[in-house]
Amino acid sequence: MNFPPLQSWIPGSQHPLVIAGPCSAESEVQVLQTAQALAKLPWVKVFRAGIWKPRTRPGLFEGVGTAGLVWMSRVKEETGLLTTVEVARPDHVQEAINHNIDILWIGARTVVNPFSMQELAESLAGVNIPVMVKNPVNPDLKLWMGAIERLHKNGITRIAAIHRGFYQSEKTQYRNAPLWEIPIELMRQMPGLPVLCDPSHISGNRSLIQQVSQQAMDLEMDGLMVETHPDPDKAWTDSVQQITPETLGEIMNHLILREQKGNREFERNLEELRHEVDLIDYEMIRLLAKRMNIAEEMGRYKYAHNITILQLQRWKELFADRIKKGNKAGLDNRFLAALLQLVHEQSIQIQTNVMSRGEEQ
Ligand code: PEP
Ligand code: MN
């Protein structure tokens with residue numbers, strides 16, 4: 001799959017591209033006032049606003065609808081910013097196109113549903129408009145990629161992904177856990193696909209936006225989508241995470257944009273470190289294979305002596321001992337526990353296989 005670079009469909013965009021605007025369009029004054037302040041920030045090239053809002057429960061504010069699209073065209077006329085809105089149904093697509101919206105985006109609650117995605121993708125066949133695809137609510141990379149593929153198959157090639165974090169039942173400081181490894185894997189599997197980060201929906205709280213944005217830049221993401229409102233505390237939706245256009249300007253000024261490539265000396269040193277990492281990984285693989293061979297041997301031995309596979313007391317002691325040693329060596333507890341658990345599961349699996357094949361030593 002080929003993806004044209006962002007610069008080819010967002011004229012004048014520099015790194016990082018910033019898309020900003022309110023979670024929801026509320027009134028013509030609010031929309032225009034936000035857009036005018038944002039247009040003064042050099043990074044902002046696209047104005048966003050939610051026109052149809054996906055709400056968890058009915059009866060809450062569900063967006064201003066078509067009236068908001070008229071305000072968006074005024075934004076375009078008066079500020080020169082491109083405009084983008086969220087679409088979830090083919091009739092949204094049609095309305096947005098009728099009102100000359102420049103870019104569409106598909107929200108996290110729509111991307112989870114392959115039927116909705118297919119229907120949207122088909123409604124876009126033959127329509128020449130860029131589309132941004134948020135990650136699905138749940139941490140499922142294939143679903144995210146599937147949504148992108150459905151669009152691509154229907155002739156939409158100007159696509160960007162937006163990382164907005166994932167629902168997790170475990171409570172953390174984030175509204176949606178970033179699980180950075182998922183967008184990183186997306187970048188690896190779909191090279192050339194522009195990936196933006198939405199620090200607002202990851203954070204759920206304005207105090208985290210700077211830090212999440214910095215992390216996105218350090219991971220070489222192409223830009224940010226940030227919710228901005230002239231009076232965030234009074235916003236009708238997502239008020240805790242919205243920031244003023246002025247705060248967005250400050251955040252951008254404080255971002256450290258590191259070079260993707262350093263000078264030759266830096267590259268050489270980095271190469272040496274990478275080489276060391278390679279050797280350590282190979283050694284780890286060799287040792288893991290050796291450990292699993294011993295597990296197999298133990299399986300055969302236990303089978304021959306009619307002994308159960310899982311020896312709970314031994315596992316408890318082994319686990320506590322390794323955690324203690326790992327702690328001393330400065331390893332993170334949660335990391336080490338997960339690793340030990342994986343290795344243990346695999347070795348139980350190997351022994352189970354031996355038992356079910358009925359092999360004796
Ligand atoms: C939004 O951008 O306002 C929105 C509803 O986002 P998401 O689909 O990421 O929840
Ligand atoms: Mn929002």
Side-chain angles (χ1 to χ4, degrees), residues 1-3 5-7 13-17 43 135 139 141 144-145 160-163 165-166 172-174 177-197 199 202 208 210-224 251-295 318-319 321-347 350:
M1 260 185 293
N2 265 334
F3 301 101
L6 269 186
Q7 291 71 20
S13 79
Q14 49 181 38
H15 180 77
L17 164 71
W43 309 271
N135 64 256
L141 174 61
W144 198 2
M145 290 175 61
I162 302 178
H163 167 229
F166 302 88
T172 65
Q173 59 177 332
Y174 302 106
L179 307 180
W180 296 99
E181 65 280 11
I182 297 180
I184 291 173
E185 184 58 15
L186 176 72
M187 296 191 240
R188 197 182 69 78
Q189 296 210 29
M190 293 187 153
L193 172 72
V195 180
L196 311 174
C197 176
I202 291 178
L208 289 173
Q210 175 88 52
Q211 156 194 340
V212 173
S213 304
Q214 183 63 56
Q215 194 146 1
M217 293 301 98
D218 292 345
L219 293 172
E220 298 179 9
M221 290 192 176
D222 299 282
L224 302 168
I251 287 179
M252 293 311 297
N253 278 323
H254 283 98
L255 275 189
I256 302 164
L257 300 175
R258 301 181 222 276
E259 298 285 328
Q260 294 194 0
K261 263 191 172 306
N263 61 28
R264 278 177 62 186
E265 157 114 338
F266 168 86
E267 285 296 321
R268 208 173 36 242
N269 289 339
L270 190 64
E271 218 28 70
E272 271 175 32
L273 292 172
R274 284 184 175 144
H275 182 62
E276 261 183 69
V277 166
D278 287 347
L279 294 180
I280 291 172
D281 283 354
Y282 300 152
E283 184 64 8
M284 266 183 351
I285 291 171
R286 195 184 63 78
L287 287 173
L288 279 172
K290 192 169 170 191
R291 197 185 190 288
M292 294 309 156
N293 283 339
I294 295 178
L318 179 155
F319 188 82
D321 169 73
R322 307 308 191 251
I323 292 283
K324 203 166 135 204
K325 288 211 164 51
N327 260 343
K328 271 201 193 137
L331 285 175
D332 177 74
N333 256 356
R334 269 182 42 178
F335 161 71
L336 187 58
L339 183 69
L340 287 169
Q341 191 76 39
L342 258 184
V343 170
H344 183 243
E345 273 165 24
Q346 179 65 10
S347 100
I350 286 176

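Any value given below was found using the heavy atoms of this structure, including those in side chains, with hydrogens, waters and symmetry copies removed.
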>> Can you tell whether the side chains of R188 and E185 come within less than 4.0 Å, N to carboxylate O?
In response: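 Yes, R188 and E185 are salt-bridged.
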> Under 4.0 Å between a Lys/Arg side-chain N and an Asp/Glu carboxylate O for R274 and D278?
Replying inline: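 Salt bridge between R274 and D278, a charged N being under 4.0 Å from a carboxylate O: no.
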To the closest 0.5 Å, what do you measure between [atom1] ([X]) and [atom2] ([Y])?
X: M221; Y: Q215; atom1: CE; atom2: CD; result: 9.0 Å
X: L224; Y: I162; atom1: CG; atom2: CD1; result: 10.5 Å
X: Q189; Y: M145; atom1: CD; atom2: CE; result: 4.0 Å
X: L193; Y: L186; atom1: CG; atom2: CG; result: 5.5 Å
X: E271; Y: H275; atom1: CD; atom2: NE2; result: 9.5 Å
X: D281; Y: L288; atom1: CG; atom2: CG; result: 10.5 Å

>> Going by the rule salt bridge (charged side-chain N to carboxylate O under 4.0 Å, His left out), which residues pair with E283 if we only count those two or more places apart in sequence or in a different chain?
In response: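 Once residues adjacent in sequence are excluded, the partners of E283 under the salt bridge (charged side-chain N to carboxylate O under 4.0 Å, His left out) criterion are R286.
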Which pairs would a plain distance check flag for residues 337-346, meaning a side-chain donor or acceptor within less than 3.5 Å of a matching protein atom at least two apart in sequence or in another chain?
none

Extract all donor-acceptor atom pairs below 3.5 Å that involve side chains of residues 327-336 and protein atoms in other chains or at least two apart in sequence.
residue	atom	partner	partner atom	Å
D332	OD2	R334	N	3.3
D332	OD2	F335	N	3.0

Quick one: closest heavy-atom pair of [X] and [Y], and the distance?
X: Y174; Y: P178; result: CD1-CD, 3.4 Å
X: V195; Y: M187; result: CG2-CG, 3.8 Å
X: V212; Y: W180; result: O-CH2, 3.8 Å
X: F3; Y: G192; result: CB-O, 3.8 Å
X: C197; Y: P199; result: O-CD, 3.2 Å
X: P139; Y: F166; result: CA-CD2, 3.3 Å

What I'd like to find out is whether the side chain of [X] reaches to under 4.5 Å of the side chain of [Y], using heavy atoms alone.
X: H15; Y: M217; answer: yes
X: H163; Y: I202; answer: yes
X: M252; Y: L255; answer: yes

> Any sub-3.5 Å donor-acceptor pair from D222's side-chain atoms to L196's backbone N or O?
Replying inline: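 Side chain of D222 to backbone of L196, a donor-acceptor pair under 3.5 Å: no, none is there.
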> With no hydrogens and no angle check, is any side-chain donor or acceptor of N135 less than 3.5 Å from a backbone partner on L141?
Replying inline: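 Side chain of N135 to backbone of L141, a donor-acceptor pair under 3.5 Å: no, none is there.
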> Given Q173 and Q211, is the side chain to side chain contact (heavy atoms under 4.5 Å, CB included) satisfied, shown in steps?
Replying inline: CA-CA 12 Å; Q173 59 177 332; Q211 156 194 340; 4.3 Å; yes
